[in-house]
Amino acid sequence: MSKITESGMSQSESLIMDYLWKEGTGKTFAQIMAFLGNKAGKEWAKQTVNTFLRRLIDKGVVRTESIGRKKVYFAAQTVAEYEKQRTKKLLDDLYEGSIMVFLSALTGGKQIDEAMADNLRSLINEGEEQTENDAANQ
C-alpha cells in the first residue's frame, strides 16, 4: 500500500497519483485509463475515474492543461510537498500545531534519552537548513 493512502487519499486516488508522480509528465485521460486497466488491473468505468480525478483536482494535487483538443493531467505537487502539507495538517488537527505536544504524546510524557535528543536536534538543524535553501531558491 502506498504511503500516500495512509495520509488522507483514498487508495484509488493514490494509485492515480503514484502513476503521475512516477511518470513525471502529464497524462491524458486515455493514458490514465490504460494504466489503470493494463498495469494496475483495475477496470473502472470512465465516470469513476473522472470522479477520482475531480477529487484530486479539488484537493489541489492534480492540475489540468488543455493541449490541443486534449485535457492533460499533471501532478500539481511533488510527493515531498504533498507529504509536508499532510504532516502539517495532521500536526494542526491532532496536536494543536505543536511539535512539543506531538513529542509528548509520542513519548507518553516520559523523558527521552540523550541519544534521542541528539537525533532530534540533528533533524531540526537539517529542517532549518532545508527551509533556508527553499527560501533562497524562490
Side-chain angles (χ1 to χ4, degrees):
M1 180 185 300
S2 169
K3 206 180 345 179
I4 305 304
T5 303
E6 299 164 7
S7 63
M9 230 182 256
S10 75
Q11 188 172 6
S12 301
E13 292 167 342
S14 73
L15 187 60
I16 294 168
M17 283 311 302
D18 288 342
Y19 172 60
L20 291 175
W21 278 320
K22 181 181 175 219
E23 293 296 310
T25 61
K27 297 295 176 188
T28 64
F29 186 81
Q31 290 172 311
I32 293 170
M33 287 294 292
F35 164 76
L36 293 171
N38 298 335
K39 305 265 185 190
K42 302 288 183 182
E43 295 298 328
W44 287 319
K46 289 180 180 181
Q47 184 177 355
T48 302
V49 175
N50 259 329
T51 298
F52 293 139
L53 288 167
R54 198 171 34 248
R55 286 182 192 164
L56 291 166
I57 291 167
D58 291 345
K59 291 177 182 184
V61 293
V62 167
R63 65 180 175 79
T64 62
E65 285 182 25
S66 293
I67 299 178
R69 293 175 12 139
K70 294 184 179 183
K71 186 183 280 189
V72 180
Y73 298 86
F74 294 86
Q77 298 176 333
T78 65
V79 175
E81 290 168 337
Y82 179 75
E83 289 177 348
K84 184 177 180 179
Q85 173 189 330
R86 291 294 305 159
T87 301
K88 182 172 179 356
K89 182 167 176 25
L90 179 74
L91 193 65
D92 289 345
D93 291 350
L94 299 179
Y95 303 102
E96 303 164 13
S98 169
I99 292 174
M100 295 308 294
V101 173
F102 167 74
L103 289 174
S104 179
L106 187 65
T107 63
K110 297 178 185 173
Q111 283 205 317
I112 58 174
D113 63 26
E114 194 59 37
M116 177 65 84
D118 288 341
N119 285 338
L120 289 171
R121 280 187 205 93
S122 188
L123 285 171
I124 290 167
N125 289 337
E126 288 175 21
E128 288 173 349
E129 290 172 11
Q130 183 63 44
T131 300
E132 290 171 4
N133 289 340
D134 290 347
N137 290 331
Q138 290 183 356

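Just so it is clear, the model here is predicted, and its values are computed rather than measured.
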Colleague: So which of Leu20, Ile16, Thr51 actually passes side-chain contact (heavy atoms from CB on, under 4.5 Å) with Leu56?
Modeller: Ile16

Colleague: Rounded to the nearest 0.5 Å, how far apart are CD of Gln31 and CG of Leu36?
Modeller: 12.0 Å

Colleague: Take atom CD1 in Ile99; do more than 12 heavy atoms of anything else shown fall under 6.0 Å from it?
Modeller: no

Colleague: Working to the nearest 0.5 Å, report the span between CG of Asn119 and CZ of Arg121.
Modeller: 10.0 Å

Colleague: Find out whether Val61 and Met9 are in side-chain contact, i.e. whether some heavy atom of one side chain is under 4.5 Å from a heavy atom of the other.
Modeller: yes

Colleague: With rounding to the nearest 0.5 angstrom, report the NZ to CD distance, Lys59 to Gln77.
Modeller: 11.5 Å

Colleague: Can you measure from CG (Leu106) to OH (Tyr95) and round to the nearest 0.5 angstrom?
Modeller: 7.5 Å

Colleague: Would you mind reporting whether Lys42 and Val49 have side-chain heavy atoms less than 4.5 Å apart?
Modeller: no

Colleague: Measure the spacing between OH of Tyr82 and OG1 of Thr87 and express it to the nearest 0.5 Å.
Modeller: 10.0 Å

Colleague: Should Ile112 and Ile124 be counted in the same cluster of Ile, Leu, Val, Met, Phe, Trp and Tyr side chains packed under 4.5 Å apart?
Modeller: no

Colleague: Following the transitive rule for hydrophobic clusters with a side-chain heavy-atom cut-off under 4.5 Å over Ile, Leu, Val, Met, Phe, Trp and Tyr, establish whether Leu90 and Val79 coincide in one cluster.
Modeller: no

Colleague: Mind checking whether Met33 and Phe74 sit in one hydrophobic cluster, side chains of I, L, V, M, F, W, Y counted as touching below 4.5 Å?
Modeller: no

Colleague: How close do Ala76 and Gly60 get, heavy atom to heavy atom, and via which atoms?
Modeller: CB-O, 3.4 Å

Colleague: Is any side-chain heavy atom of Lys89 closer than 4.5 Å to a side-chain heavy atom of Asp93?
Modeller: yes

Colleague: Please round to the nearest 0.5 Å and tell me the distance separating atom CD1 of Ile32 and atom NZ of Lys27.
Modeller: 9.0 Å

Colleague: Please determine which of Phe29, Tyr19, Trp44 meets the ring pair (Phe, Tyr, Trp, His ring centres under 6.0 Å) test together with Phe35.
Modeller: Tyr19

